[in-house]
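The structure appears right after this line, and notes come after that.
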Amino acid sequence: MGNKGGKVTIRTVCGMPDYLRCGLSVEVTDGVITKVRPADFPDPVDKGACAKGLAASQWVYHPDRLRYPLKRVGERGGGNWQRISWEEALDSIVAKLQGLAAKYGPTSIAWTAPILSNLTGGGYSRLMSLTKGTWVDWWGCGDAAGPCADMATFGSPMGERYLRNFEDPKFTIVWGYNPAVTVHTFMRRITSAKKKGCRVVVIDPRFSETASHADEHVPIRPGTDGALALGMIHVILELGLQDERFIAENTVGPLLVRDDNGFLLKEGDLVEGGNQQGFLVFDESTGGAQPCDNPAVTPVLTGGYSVSGKKCRPAYQLLADMVQDHTPEKVSEITDVPADVIRRLAVSYATQKPASIYRGWGLQRSFYGDLACRAINTLAAVTGNMNLKRPSTFVLNARPFLMPGGPYTSIPLMSLCDAIAKGEPFPIKAIWCTWHNLINQMPNTHRIIGELLPNLELLVVCDLFMTDTAKYADYVLPVASFFECTDLCRADLEHPYLQLQQKVIEPLYESRSDFQIAVELGRRMGFGEYFNKTEEQYIEEILASGHPTMEGVSLERLKEGPVMAKTLDRPQQLATPTGRIEFYVERIKQFGQELPVYIEPLESARSEKAESYPLSLLSTHPSNRVHSTLVNITSLLKIDPEPALEINPVDAKPRDISDGDVVRVFNSRGQIKVGAKLSQRIKPGVVNIIEGWWHEQYIEGHLNQLTHDEINPVQQRILQANAAFYDVLVEVEKG
Ligand SMILES: Nc1nc2c(c(=O)[nH]1)N[C@H]1C(S)=C(S)[C@@H](COP(=O)(O)OP(=O)(O)OC[C@H]3O[C@@H](n4cnc5c(=O)[nH]c(N)nc54)[C@H](O)[C@@H]3O)O[C@H]1N2
Ligand SMILES: Nc1nc2c(c(=O)[nH]1)N[C@H]1C(S)=C(S)[C@@H](COP(=O)(O)OP(=O)(O)OC[C@H]3O[C@@H](n4cnc5c(=O)[nH]c(N)nc54)[C@H](O)[C@@H]3O)O[C@H]1N2
Ligand SMILES: [Mo]
């Protein structure tokens, strides 16, 4: 509860949109936050808070914070606003939403809320469910390629966890990941393993903060990680270091694939009316095909066979054939990683067991990032470096809370622009933008401003600040921060806790929590009975699943501190079509990607396009901010004052660029101006601008005017397309 008088200390949870959910112990004096410290956790390794959490009180008390609802006056984006009351704002917005829903259908109203099973996003989820609106699935804004790969390989978008978290790893690869900056909870685990003798290797085109804590840094050409993984598999197979037992028991390796059509051989192919899910392996002792789940059979992994006249080979043989020409020398040419390093990495990963991979998002933001992640998953599978244990978890009673009116439609972020500009696959006319700064953070900003905004009849933004998106809104609503409202913070795999985000101060000015805003909307839309309980009552409902993982967990218990998740004893059942780890994915055969083949990046520095734009542009995540959140905090600006282009002196010199010079960074989509920062830490041929800065902080333009929104159809088929933010070519000149 918010406290008015005296000095109290309240445990709450950091709600910054990095989703780390660190515990914070907040001292409040006479209703004002006076100190923020890291709070205790049952496992001390989880205690810690970073500059972001500690600066959050400056964010909450920032003089520029939005204070009351605003209505646009004049042109959109013209900067003229009229202060209005909440009553007036909500009444007029609801009238407009209902008018649009009547004219274009309820799915024409889109919401960008994060639907975690908590109140902040959950209130909007209830509204979407009751009104049959559309949820904008934000995952494709840079984070969906790995999940696509995991969906294909493991049947779950969260399968990345199978590659890591071994109790006592001997060898760890941190791949396209900078957890020293982005996921401190992981970095603490990596560092503690290293102290126990685990060797840590970081694969990254930049000598990142994480690389500086590692035993070895492997600089790689951006977008070529898939080739590296295939090269490592080549070495492993050549030396016979694969784990054949694991492959035979857990993967599609032994399943027979038909030579004539590339599909898995099924019982139904041999016997009229036979099982179409009955996958077959070749049994050498009987010299024939047998069901893959027959425990008496020892299936072969290699060779070619004829079964009832149908020629086939085990999927493992097809993988071996594919990696055959990925020699370390050839892969070295593709990746710029020396052949002996590829050999050494492969041998260490296959022999220093258990070996773990922490796979980040950096390598996923290439156009074929899903293929790279599938190749890495395959590398883990052929060596048996897999952790198939069920993670500890909580099973909440979230669904009735989130979807009291049943499920609703969703649209992948990468399809949002088409829905608004072209009405495809269905028209969207209004966006309720909460929790996101889409004009700043979506790729290809020119398209957002040129096509999305003009075709949108209503844009409502709920935020704490006048962000770039809020500037283009029709209504701007001041939102309460996580310090100013109660919520339930769910455990995730990195942080196996359920915690209570306790309100530490009353909402400042006229701000209201997202949940309270949803309540007010719901009541006005005629759903009052679904919004008539208190926050705490709803939290109690969400906790009351009766599931064994929730034993002893109550609101009262959570007020005392976090609860650690329990492990379920049920064995893991993979939800792939074969129930096995699939490095061979039959259903994308038509795209030629049934195996995790390597394809050059869309904007490859070795393509024709590179003659005009020879440098690969990355835009990595900021250290002391979360994307565009916290860009306006004075103390943090002292550490990192403005956008800059990191460029290697090898690339700067021929362009006559010195440290601090203003440079023009451009491609066919746009041009921007920033200061240059010469750095040996970035690989020649690669440049980087840390993402998140607001438009007004650039000398000219904005980073995302250079990025593109090309859709990868295979990703779309498997899960959803991902924004390839790091698959971008540019040229740089003094300027
Ligand atoms: N402080 C802070 N923490 C955050 C966030 C934040 O903005 N600030 N954002 C949160 C969110 S939403 C996310 S998605 C995560 C992101 O977390 P990370 O994945 O750790 O972040 P990135 O900076 O995108 O990329 C990680 C590294 O990948 C490298 N990289 C880029 N391209 C390639 C490539 O082709 N191959 C390889 N091998 N490496 C490559 C980059 O140089 C970078 O060092 O962080 C979360 N945590
Ligand atoms: N070029 C480039 N672009 C990128 C990326 C990249 O690496 N390079 N990364 C991409 C990735 S991985 C991601 S996840 C996206 C992130 O994109 P966004 O989710 O848009 O990230 P933020 O800029 O942090 O926006 C969060 C907004 O929510 C507001 N906010 C904070 N707390 C609350 C609250 O309690 N309620 C409400 N209503 N608002 C709140 C903040 O003030 C902020 O304006 O960006 C993507 N864009
Ligand atoms: Mo992200």
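Every number for a ligand or one of its atoms is a count from 1 in the order of the listing.
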(request) Keeping to residues at least two apart or across chains, list the salt bridge (charged side-chain N to carboxylate O under 4.0 Å, His left out) pairs with something in residues 53-70. (result)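 The answer is R65-E484.
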(message) Quick check against the 3.5 Å criterion: does D468 have a side-chain atom that pairs as donor or acceptor with the backbone of W694?
(response) no
Would you mind listing which atoms of ligand 1 come within a distance below 4.0 Å of any non-hydrogen atom of [X]?
{"X": "S623", "result": "1 (N)"}
{"X": "G223", "result": "34 (C), 35 (O)"}
{"X": "P222", "result": "35 (O)"}
{"X": "G176", "result": "19 (O), 26 (C), 27 (C), 28 (O), 37 (C), 38 (N), 39 (N)"}
{"X": "W175", "result": "38 (N)"}
{"X": "P205", "result": "30 (N), 33 (C), 37 (C), 39 (N), 40 (C)"}
{"X": "I203", "result": "37 (C), 38 (N), 39 (N)"}
{"X": "D225", "result": "34 (C), 35 (O), 36 (N), 37 (C), 38 (N)"}

Should the pair [X]-[Y] be classified as a salt bridge under the 4.0 Å nitrogen-to-oxygen rule?
{"X": "D46", "Y": "R21", "value": "no"}
{"X": "D651", "Y": "K683", "value": "no"}
{"X": "R625", "Y": "D640", "value": "yes"}
{"X": "R447", "Y": "E710", "value": "no"}

Is the shortest heavy-atom distance from the side chain of [X] to the side chain of [Y] under 4.5 Å?
{"X": "R490", "Y": "N118", "value": "no"}
{"X": "N648", "Y": "Q680", "value": "yes"}
{"X": "F482", "Y": "V13", "value": "no"}

(message) Distance alone, cut at 3.5 Å: any donor-acceptor contact between the side chains of H627 and E691?
(response)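 Indeed, the side chains of H627 and E691 share at least one donor-acceptor pair under 3.5 Å.
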(request) Verify the distance criterion only: is there a donor paired with an acceptor across the side chains of Q501 and D487 at less than 3.5 Å? (result) no
(message) Below 4.0 Å from ligand 1: does a non-hydrogen atom of K52 turn up there or not?
(response)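 In this structure, K52 qualifies as a contact of ligand 1 - some heavy atom is under 4.0 Å.
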(request) Flag T224 as yes when one of its N or O atoms lies below 3.5 Å from any N or O atom of ligand 1, and as no otherwise. (result)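 No - when backbone and side-chain N and O of T224 are compared with those of ligand 1, no distance drops under 3.5 Å.
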(message) Between ligand 1 and L363, is the shortest N or O to N or O distance under 3.5 Å?
(response)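 No: no nitrogen or oxygen of L363 is under 3.5 Å from one in ligand 1.
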(message) Heavy-atom count check: over 12 atoms from other residues, nucleotides or ligands less than 6.0 Å from Y472 OH?
(response)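 Open.
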(request) List, ordered by chain and residue number, the protein residues whose closest non-hydrogen atom lies under 4.0 Å from any atom of ligand 2. (result)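 Those residues closer than 4.0 Å to ligand 2 by some heavy atom are P17, W59, W138, C141, D143, R365, T434, W435, H436, N437, Q441, C462, D463, L464, T467, V479, A480, D514, S619, H621, V626, H627, S628, T629, E691, L703, N704, F725, Y726.
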(request) Mind checking whether V183 contacts ligand 1 via backbone (N, CA, C, O), side chain (CB onward), both or neither, at a 4.0 Å heavy-atom cut-off? (result) neither
